[in-house]
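Below is one structure, written out as structure tokens; comments come after it.
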Amino acid sequence: MPELPEVETTRRGIAPFCEQETVRRVTVRNPALRWPVPAELAARMEGRVIRAVERRAKYLLIRFDDGSAIVHLGMSGSLRVITDDSPLMTHDHIEVELASGTRLRFNDPRRFGCWLWSEDPDHHALLASLGPEPLAPEFNGPYLYRLSRGRKTPIKSFIMDNHTVVGVGNIYANEALFKTGIHPKRLAGRISLDRYHRLAEAIKETLSAAILMGGTTLRDFVNSDGKPGYFAQSLLVYGRGGEPCRECGEPLREIRMNQRTTVYCGRCQR
DNA sequence: AGTTTAACCTGGGTGC
DNA sequence: TGCACCCAGGTTAAAC
């Protein structure tokens, strides 16, 4: 589920229930996530007030006065708001109970997610070397052009690299490259400023639109299983290998780059 | 330093 | 039905 729009949707979904609420209890049922959940996490959170729920890249920061929980949803994680007595599901690894009685339930079948504690999250190793947020003004054509000079990595790898820009996962990399007409294998150092301008805009548009659509499932999100299904109809290439290109009708090609499915139009993307 | 590869996990789908 | 295999929205650490 979690590309950046899902993480932002999650943040918006849980923040109203969390902010200025006291944590009553943290239950870690399975600490074996990507890294072991630190034993101190519960003690650091219990009895403290959540001041804000923020997002940096695909990390959620649950901020307290003296530190933050750093949460990542990995490939298969979700965070749901529980207001009733709905039963535990398999892979419900962590639960945060608030003084209001509302609970946050973290479910993650593949356990690629993480829950860490940091007193200074903004300088934590996981966050310190990240590139700009895709929706920030400093992420733009000139930035991409400057950073890419001399680089021989394919453009798809380049924009999926967190050092370049955060939050561009496999789906949105495919979509943005199609919208810009850039072949995913084109070397990053061989792309013009003008094309980078359009690529940055396409990334912003694609992510913004997805966040807006994620927003439409927000109400559901509180009560439901938290699986937004917003993207299927709006995707131009992802999941459409072999089907006709929406621009020219030619069958879309599907290849693998860095172990990830890559879909593109051989005619429209150069 | 830049770039690629392997690894962390479970579950669902497919083909034999 | 069973089993082997491939695939999945992410990211890091190690290896070229």
Side-chain angles (χ1 to χ4, degrees), chain A residues 1-11 29-37 55-60 70-79 89-94 106-116 124-131 133-134 146-177 184-190 203 206-207 209-211 213-214 217 221 225-242 254-263:
Chain A
M1 293 119 235
E3 289 226 27
L4 185 140
E6 285 87 341
V7 179
E8 177 61 20
T9 299
T10 297
R11 188 195 70 76
R29 297 193 173 82
N30 184 354
L33 303 184
R34 190 179 207 291
W35 298 285
V37 178
R55 180 187 59 74
R56 173 70 175 110
K58 292 173 188 167
Y59 292 94
L60 290 170
I70 301 176
V71 179
H72 199 291
L73 302 179
M75 295 265 278
S76 58
S78 64
L79 201 48
M89 312 280 284
T90 340
H91 309 302
D92 278 342
H93 303 312
I94 295 182
F106 174 75
N107 183 286
D108 186 7
R110 291 176 72 182
R111 288 189 277 120
F112 283 4
C114 73
W115 279 67
L116 301 172
H124 190 280
L126 288 172
L127 305 181
S129 64
L130 293 174
E133 288 287 326
R146 206 172 341 105
L147 191 63
S148 63
R149 291 311 87 187
R151 299 288 296 272
K152 292 179 165 46
T153 195
I155 184 60
K156 181 166 183 259
S157 307
F158 183 65
I159 58 172
M160 288 183 69
D161 183 340
N162 275 338
H163 297 98
T164 304
V165 58
V166 302
V168 181
N170 193 42
I171 292 178
Y172 297 114
N174 281 302
E175 295 298 307
L177 288 171
K185 282 191 167 175
R186 174 166 290 276
L187 302 188
R190 304 278 316 270
I203 288 172
T206 308
L207 290 174
I211 290 171
M213 282 185 264
T217 66
F221 167 75
D225 62 3
K227 288 181 183 171
Y230 62 78
F231 48 76
Q233 59 275 49
S234 57
L235 293 178
L236 300 172
V237 289
Y238 186 81
R240 297 192 62 242
E254 185 163 313
I255 61 173
R256 286 185 76 73
M257 286 180 64
N258 304 334
Q259 282 92 271
R260 309 217 83 98
T261 301
T262 303
V263 190

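Note that these values count all heavy atoms, side chains included, but never hydrogens, waters or copies made by symmetry. Sequence lines set the chain letters: A, B, ... in the order given, protein chains first and strands last, and positions in each chain run from 1.
A side-chain contact (heavy atoms from CB on, under 4.5 Å) with A:Val168 holds for exactly one of A:Val165, A:Thr164, A:Val166; it is A:Val165. Exactly one residue among A:Met257, A:Arg256, A:Lys185 makes a side-chain contact (heavy atoms from CB on, under 4.5 Å) with A:Thr262. That residue is A:Met257.
Among the atoms of the strands shown, only primed sugar atoms or phosphate atoms (P, OP1, OP2) are found under 4.0 Å from some heavy atom of A:Arg111. Counting non-hydrogen atoms under 4.0 angstrom, A:Tyr59 reaches the backbone sugars and phosphates but no base. No engagement by A:Leu33 is indicated, since no non-hydrogen atom pair under 4.0 Å with the nucleic acid exists.
The residues A:Arg240 and A:Glu254 are annotated as not salt-bridged, no charged nitrogen and carboxylate oxygen being separated by less than 4.0 angstrom.
Comparing B:dA7, B:dA6, B:dT4 against the side chain of A:Gln259 picks out B:dA6 as the nearest. The listed nucleotides are B:dC9, C:dG9, C:dT11; the one nearest the side chain of A:Lys58 is C:dT11. Residue A:Arg256 places its side chain closer to C:dC7 than to any other of C:dC7, C:dT12, B:dT4. Listed nucleotides C:dG9, C:dT11, B:dG11 differ in distance to A:Arg34; the shortest reach to its side chain belongs to C:dT11. The side chain of A:His72 sits closest to C:dG10 out of B:dC9, C:dG10, B:dT5. You'll find that the side chain of A:Lys152 is closest to B:dT3, out of B:dT5, B:dT3, B:dG11. Residue A:Arg151 places its side chain closer to B:dG2 than to any other of B:dG2, B:dT4, C:dG9.
Taking atom CZ of A:Arg240 as the reference point, atom P of C:dG9 lies 17 Å away to the nearest angstrom. One interatomic measurement links the two molecules: CE of A:Met75 to C1' of C:dC7, which rounds to 9 Å at whole-angstrom precision. Going from atom CD1 of A:Ile70 over to atom C1' of C:dT12 covers 15 Å, rounded to whole Å. Rounded to an integer number of Å, the gap from CE of A:Met257 to P of B:dT3 is 12 Å.
Each of A:Gly167 and A:Glu254 was assigned the nucleotide of DNA chain C with the nearest heavy atom; the assignment lying further toward the 5' end belongs to A:Glu254.
Residue A:Tyr238 places at least one side-chain N or O under 4.0 Å from the OP1 or OP2 atom of C:dG9. Checking the phosphate oxygens (OP1, OP2) of C:dG9, a side-chain nitrogen or oxygen of A:Arg260 falls inside 4.0 Å. A sub-4.0 Å separation between OP1 or OP2 of C:dG9 and a side-chain N or O of A:Asn170 is present. Checking the phosphate oxygens (OP1, OP2) of B:dT4, a side-chain nitrogen or oxygen of A:Thr153 falls inside 4.0 Å. Applying the 4.0 Å criterion to OP1 and OP2 of B:dT10, one finds that A:His91 has every side-chain N and O outside that range.
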key: side-chain contact (heavy atoms from CB on, under 4.5 Å) evaluation trace for A:His72 with A:Leu126   = CA-CA 11 Å; A:His72 199 291; A:Leu126 288 172; over 6 Å; no
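Evaluation of atom-type donor-acceptor distances gives no pair under 3.5 Å for the side chain of A:Glu3 against the base of C:dG10.
In this structure, A:Phe112 counts as stacked on the base of B:dC8 under the 5.5 Å centre distance and 30° plane angle limits.
In this structure, the separation between CG on A:Asn162 and CG on A:Leu130 is 5.5 Å, given to the nearest 0.5 Å.
Helical stems in DNA chain B, defined as runs of 3 or more consecutive Watson-Crick or G-U wobble pairs with both donor-acceptor distances under 3.5 Å, are listed by first residue as B:2-8 with C:10-16, B:10-16 with C:2-8.
A 4.5 Å side-chain heavy-atom check between A:Met160 and A:Asn170 finds at least one atom pair inside the cut-off.
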